[in-house]
Amino acid sequence: MRIEDVKTEQDVKEFLKDSPKFATAVYLVTYKMPYGKVCTYGRVAKLIGKPGASRAVANTLHNNPLFPVVPCWRVVKADGGFGGDPKAAAGRRGRVQSEGVRIRDGKVVMNSDVLY
DNA sequence: CCCGTGACCGACT
DNA sequence: CAGTCGGCCACGG
């Protein structure tokens with residue numbers, strides 16, 4: 001299964017059939033995130049029934065094998081900041097901003113409107 | 001099965 | 001409001 005052919009939720013599941021259960025759940029939730037919205041690592045953890053696993057979520061998204069099908073750039077830190085390698089972080093910030101999300105001091109302006 | 005590794009979080013100073 | 005601190009947890013070696 002090639003990444004170019006992944007176009008539906010089923011395709012995503014198929015592509016990740018050999019991945020750990022937790023990782024699959026993370027990518028699936030992220031896959032559903034709407035354009036122009038963002039979510040925090042902690043919230044994603046709760047959404048998949050693993051409250052407290054924010055770090056694990058981050059580790060997982062760091063190795064996103066389905067970029068850009070799975071919009072991992074829409075997942076940010078609790079304070080709206082972008083973690084990881086500064087270069088990559090800047091790239092994700094640019095994408096989020098291009099989707100119309102307001103950025104201030106390098107961080108997403110967190111509010112109920114942009115929060116998924 | 002223990003251990004180190006992080007794109008983290010919330011509480012507290 | 002900016003740091004610090006302890007706790008968290010899946011994953012791979």
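Letters go in sequence order (proteins before strands), and every chain restarts at 1. Just so you know, these numbers use all the heavy atoms, side chains as well, and skip hydrogens, waters and symmetry mates.
A:I103 has its side chain within reach of A:V96: a pair of non-hydrogen atoms, C-beta onward, lies under 4.5 Å apart. With contacts defined as side-chain heavy-atom distances shorter than 4.5 Å, the pair A:F82/A:V108 qualifies. Residues A:Y31 and A:L66 fail the side-chain proximity criterion, which asks for heavy atoms closer than 4.5 Å.
In this structure, the side chain of A:Y27 engages the main chain of A:T60 through a donor-acceptor pair within 3.5 Å. No donor-acceptor distance shorter than 3.5 angstrom exists from the side chain of A:N59 to the backbone of A:A56, with no hydrogens or angles considered.
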Distance-only check: which donor-acceptor pairs under 3.5 Å involve side-chain atoms of residues 13-21 of chain A, not counting sequence neighbours?
none

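Residue pairs satisfying the salt bridge (Lys or Arg N to Asp or Glu O under 4.0 Å) criterion with at least one member in residues 60-71 of chain A, sequence neighbours excluded, are absent. Residue pairs satisfying the salt bridge (Lys or Arg N to Asp or Glu O under 4.0 Å) criterion with at least one member in residues 102-113 of chain A, sequence neighbours excluded, are listed as follows: A:D79-A:K107. Counting only residues at least two apart or on different chains, the salt bridge (Lys or Arg N to Asp or Glu O under 4.0 Å) pairs with a member in residues 54-77 of chain A are A:R74-A:E99.
Residues passing the salt bridge (charged side-chain N to carboxylate O under 4.0 Å, His left out) test with A:R2 are A:E4, A:D5, sequence neighbours excluded. Residues satisfying the salt bridge (charged side-chain N to carboxylate O under 4.0 Å, His left out) criterion with A:K37, sequence neighbours excluded, are absent altogether. Applying the salt bridge (charged side-chain N to carboxylate O under 4.0 Å, His left out) rule to A:K46 yields no partners; only residues at least two apart in sequence or on another chain are considered.
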Give every pair of a protein N or O atom and an N or O atom of nucleotides 9-13 of chain B that lie under 3.5 Å apart, one pair per line with the distance.
| from | atom 1 | to | atom 2 | distance (Å) |
| --- | --- | --- | --- | --- |
| B:dC9 | OP1 | A:G42 | N | 3.4 |
| B:dC9 | OP1 | A:A78 | N | 3.2 |
| B:dC9 | OP2 | A:A78 | N | 2.8 |

For nucleotides 1-3 of chain B, which of its nitrogen or oxygen atoms have a protein nitrogen or oxygen under 3.5 Å away, and what is each distance?
none

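Using a 4.0 Å cut-off on heavy atoms, the residues of residues 12-22 of chain A that approach DNA chain C are A:P20, A:F22, listed by number. Sorted by residue number, the list of members of residues 80-110 of chain A with any non-hydrogen atom under 4.0 Å from DNA chain C is empty.
On the nucleic acid side, DNA chain C has its first and last nucleotide under 4.0 Å of a heavy atom of chain A at C:dG7 to C:dC11, going 5' to 3'.
Look at OH on A:Y27: it is 12 Å from P on B:dA7, rounded to the nearest Å.
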Go through it in stages, so that I can follow the logic: the residues are A:M110 and A:V38, the test is side-chain contact (heavy atoms from CB on, under 4.5 Å), and I'd like the CA-CA distance, side-chain angles, deciding distance and then a yes or no.
CA-CA 9 Å; A:M110 301 300 281; A:V38 298; 4.3 Å; yes
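Here the CZ atom belonging to A:R95 is positioned 8.0 Å from the SG atom belonging to A:C72, to the nearest 0.5 angstrom.
What you find for A:Y41 and A:L61 is that their closest heavy atoms are CE2-CD1, 4.0 Å.
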